[in-house]
Amino acid sequence: MSPAHDERARISAAMERILEGTPQNSNGAMTVVALAAEAGVPRNALTQRHLDLKNLFYEKLRARGEMPDSERRLRRETARLKRLREDDRELIRQLKSDNEALVRALHVAQLQNEQLRRQLAESKGKVSNHRGVSE
């Protein structure tokens with residue numbers, strides 16, 4: 001399917017309507033998808049045939065101090081992922097600390113167990129408590 005002869009003109013007009021805040025055929029979002037809908041062209045017309053117009057659209061947005069919706073979403077997602085990464089770092093730090101404490105406790109229990117086994121072997125079956133009273 002070949003592009004319509006007036007495709008570039010329709011895209012340019014749609015760009016102006018979106019930038020002016022007066023969209024007629026789309027939701028007016030600052031995206032290539034909305035621009036394509038506003039112009040009545042397939043999205044690939046902007047991503048393949050008329051890259052210059054897509055880039056011009058984003059340049060005009062930035063010149064006005066605005067950010068394309070896709071970039072805004074990516075920035076939000078990046079911030080969210082950074083927070084999750086920091087949360088994960090803290091969790092890993094806590095788990096490592098807990099693990100070290102558990103390893104120490106296990107080591108103490110193993111030492112105590114070994115002492116009790118030694119006492120049992122030395123006393124030939126009689127185990128005494130800490131006060132030295134036979135039981």
Side-chain angles (χ1 to χ4, degrees):
M1 177 186 219
S2 64
H5 68 285
D6 65 342
E7 199 171 66
R8 289 185 67 82
R10 291 190 337 217
I11 293 170
S12 294
M15 188 183 317
E16 294 308 313
R17 287 194 302 273
I18 287 178
L19 292 172
E20 291 170 2
T22 58
Q24 298 171 354
N25 305 313
S26 71
N27 62 5
M30 305 296 181
T31 64
V32 170
V33 173
L35 179 58
E38 184 67 25
V41 300
R43 185 177 62 86
N44 72 347
L46 287 159
T47 60
Q48 294 174 10
R49 290 192 295 271
H50 306 294
L51 246 74
D52 60 324
L53 292 177
K54 178 191 81 151
N55 293 335
L56 178 63
F57 178 62
Y58 285 140
E59 285 173 25
K60 286 185 176 190
L61 282 175
R62 286 188 183 92
R64 294 169 44 158
E66 295 184 34
M67 186 182 305
D69 289 348
S70 57
E71 187 175 336
R72 190 174 294 117
R73 282 192 307 272
L74 284 173
R75 288 181 185 273
R76 271 196 312 263
E77 182 66 6
T78 300
R80 184 185 73 81
L81 291 172
K82 284 181 179 178
R83 284 190 308 273
L84 286 174
R85 188 173 176 204
E86 188 56 40
D87 292 348
D88 288 346
R89 264 194 215 107
E90 177 58 27
L91 178 61
I92 289 169
R93 188 199 62 71
Q94 184 61 48
L95 289 172
K96 283 181 177 180
S97 175
D98 291 350
N99 188 51
E100 290 170 6
L102 289 170
V103 166
R104 283 190 301 273
L106 177 61
H107 185 67
V108 168
Q110 287 174 330
L111 289 174
Q112 289 173 342
N113 191 27
E114 183 60 34
Q115 284 176 333
L116 289 172
R117 286 177 192 267
R118 222 177 289 124
Q119 280 180 1
L120 184 60
E122 289 171 0
S123 66
K124 297 185 177 41
K126 293 181 184 176
V127 179
S128 62
N129 63 19
H130 294 295
R131 291 185 223 130
V133 177
S134 293
E135 297 179 357

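Considering all non-hydrogen atoms of both residues, A34 and A29 come closest at CB-O, 3.2 Å. Nearest heavy atom pair, residue P42 against residue E7, reads CD-OE2, 4.4 Å. Contact between N25 and E38 at its shortest, heavy atoms only, is N-OE1, 2.8 Å.
In this structure, R117 places its CZ atom where only 12 or fewer heavy-atom neighbours from other residues, nucleotides or ligands lie under 6.0 Å away. Heavy-atom contacts from other residues, nucleotides or ligands closer than 6.0 Å to CZ of R85 number 12 or fewer.
Side-chain N or O atoms of R43 include none that pairs as donor or acceptor with a backbone N or O of A36 at under 3.5 Å. At distances below 3.5 Å, not a single donor-acceptor pair connects side-chain atoms of S97 with backbone N or O atoms of R93.
Under a 4.0 Å N-O distance rule, the pair R83/E86 does not qualify as a salt bridge. Between R62 and E59, no side-chain nitrogen of the basic residue sits less than 4.0 Å from a carboxylate oxygen of the acidic one, so the salt-bridge criterion is not met. Between E100 and K96 there is no salt bridge, since none of the side-chain N atoms of the basic residue sits less than 4.0 Å from a carboxylate O of the acidic one. A salt bridge links R80 with E77; the closest basic N to acidic carboxylate O contact falls under 4.0 Å. We find that R72 and D69 are joined by a salt bridge, their nearest charged nitrogen and carboxylate oxygen being less than 4.0 Å apart. Salt bridge annotation for E16-K60: present, with a cationic side-chain nitrogen under 4.0 angstrom from a carboxylate oxygen.
In this structure, S12 and L53 have side chains that are in contact, with non-hydrogen atoms separated by less than 4.5 Å. With contacts defined as side-chain heavy-atom distances shorter than 4.5 Å, the pair I18/F57 qualifies. Side-chain contact check for R49 versus N44: some heavy-atom pair is nearer than 4.5 Å. Counting heavy atoms from C-beta on, the side chains of D52 and R8 come closer than 4.5 Å. Put simply, the side chain of K54 does not reach to within 4.5 Å of the side chain of L35, judged on heavy atoms.
Here CD of E90 is found 10.0 Å from CG of L95. Values are rounded to the nearest 0.5 Å. Once rounded to the nearest 0.5 Å, the distance linking CG of L111 with CG of L106 reads 9.5 Å. With rounding to the nearest 0.5 Å, the separation of CG in L56 from CG in L61 is 9.5 Å. Summarising the geometry, atom CG belonging to D87 is positioned 11.5 Å from atom CG belonging to L81; distances are rounded to the nearest 0.5 Å. To the nearest 0.5 Å, atom CZ of residue R73 and atom CD of residue E71 are 11.0 Å apart.
Follow the hydrophobic side-chain contacts under 4.5 Å out from L19 and you reach V41 in the same cluster.
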